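Here is the structure we will look at, set down as structure tokens.
Small disclaimer: the values here were computed from a predicted structure and weren't measured. Every chain is numbered from 1 and lettered A, B, ... according to where its sequence line falls, protein lines coming before strand lines.
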Amino acid sequence: MLLQEATVATLERLGKQLAIHADDGRVLCLHLGMSGQVQLVDPGDPVKPHTHCTWSLREGRRRLEMRFVDPRRFGGLWTFASRDRLLGDRWSQLGPDALDLDPGLLARQLEGRARGLKATLLDQAIVAGLGNIYVDEILFRARLHPRQPAGTVKRDEVERIADATLGILGQAIQQGGSTVRSWLDSEGQVGEFARSHKVYGRSGDMCVDCGQPLRDDLVAQRQTVWCPNCQRLKRRKR
DNA sequence: CACGACCCCTGGATGC
DNA sequence: TGCATCCAGGGGTCGT
């Protein structure tokens, strides 16, 4: 089943997906989706609604429980017989991890793409790990329009996106993530990065850089906020 | 193959 | 106050 009678050896991550490797080679891959949570709690702790899976863990003498809680069920769990199978069958669908981006790598991923930057950066096959909040924050910091065709960005702009990605994600990790509604980490703590959002959730507010009002629209089926003054769409042929 | 539209789901926010 | 409706978004699937 989902890693019964296993000894946890290592943990691994690619983009938004986590892998727990057992010492016999088996792998449990987890994706939290929107509302998913992995809890590490005392076995006596009350069980939250929408707890779909529970593992009894032992670490030395200490007993605890890992619980997968996911009210909206956008997350998922998958098992594999080996790391090779995880990589071949599932993670092969993912692009390079956002934290591994450098300008050269990003330029190759964006090259020749007609889609806008927002849709392109949200696509986990192109860059793994970016979601709606962070793409908006990254494009604001890079001063690029969400609908700018990805294949038209110039070298210095690619560098700005790569820099902004590492900067935004680094800051967000330091601040424990973005609690927008009810997101909690594995110890039940809220994240503080939402206070630092400069565009996400701030449509109509004044741009922190230029003072013009931020606007929003549906881009790539996601609510998208940007500064029409700082993030201009550049008409270019490819 | 590349890309866009739609759909899944629940709880919190909003409207009347 | 209470009920109905809307909205949030990661990503799979399907149509063009």
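- Annotation: side chain of Gln223(A) is in contact with side chain of Asp216(A) (closest heavy-atom distance under 4.5 Å).
- Every pair tested for ring-ring contact (aromatic ring centres under 6.0 Å, His included) that includes a residue from residues 146-165 of chain A fails, sequence neighbours excluded, so the list is empty.
- Side-chain N/O atoms of Arg113(A) include one lying less than 4.0 angstrom from OP1 or OP2 on dC3(B).
- Between His197(A) atom NE2 and dA8(C) atom C1' the separation is 14 Å, expressed in whole Å.
- Here the P atom of nucleotide dC3(B) and the CG atom of Leu117(A) are 12 Å apart, to the nearest Å.
- Arg26(A) has a carboxylate O that lies under 4.0 Å from a charged side-chain N of Asp24(A), or vice versa, which qualifies the two as a salt bridge.
- Distance Gln37(A) CD to dT10(B) C1': 15 Å, rounded to the nearest Å.
- An end-to-end axis angle of 50° holds for the helix from dA2(B)-dT16(C) to dC16(B)-dG2(C), taken from five base pairs per end and rounded to 10°.
- dC8(B) atom P lies 17 Å from atom CG of Asp70(A), rounded to whole Å.
- Distance CD1 (Ile126(A)) to P (dG4(B)): 10 Å, rounded to an integer number of Å.
- Computed from coordinates, the Leu218(A) CG to dG10(C) P distance equals 13 Å when rounded to whole Å.
- The side chain of Arg73(A) contributes an N or O atom lying less than 4.0 Å from OP1 or OP2 of dT10(B).
- Contact of Arg115(A) with dA2(B) (side chain to base): no donor-acceptor pair of N or O atoms is detected under 3.5 Å.
- Taking the six-membered ring for Trp and thresholds of 30 and 60 degrees, His50(A) and His52(A) have ring planes inclined between 30 and 60 degrees apart.
- Listed by first and then second residue, the ring-ring contact (aromatic ring centres under 6.0 Å, His included) pairs that reach into residues 136-155 of chain A are His145(A)-Trp226(A), sequence neighbours excluded.
- Out of dG12(C), dG4(B), dA8(C), the shortest distance to the side chain of Ala119(A) is found at dG4(B).
- Between the CG atom of Asp217(A) and the P atom of dG4(B) there is a distance of 14 Å, rounded to whole Å.
- Between His50(A) and dG11(B), a side-chain N or O to OP1/OP2 separation shorter than 4.0 Å is present.
- Side-chain proximity of Gln221(A) to the nucleotides dT10(B), dG4(B), dC3(B) is greatest for dG4(B).
- Salt-bridge annotation for Arg147(A) and Asp217(A): present, with a side-chain N of the basic residue lying under 4.0 Å from a carboxylate O of the acidic one.
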Side chain to side chain donor-acceptor pair (under 3.5 Å), that's the test. Do Trp91(A) and Gln17(A) meet it? Break it down for me. CA-CA 9 Å; Trp91(A) 284 8; Gln17(A) 304 194 27; 3.1 Å; yes
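- Side-chain proximity of Leu122(A) to dC3(B), dG10(C), dT10(B): nearest is dG10(C).
- Toward the 5′ end of DNA chain B lies the nearest nucleotide of Gly116(A), the other residue of the pair Gly116(A) and Arg222(A) mapping further downstream.
- Across the protein-nucleic acid pair, Gln223(A) atom CD and dG10(C) atom P stand 13 Å apart, rounded to whole Å.
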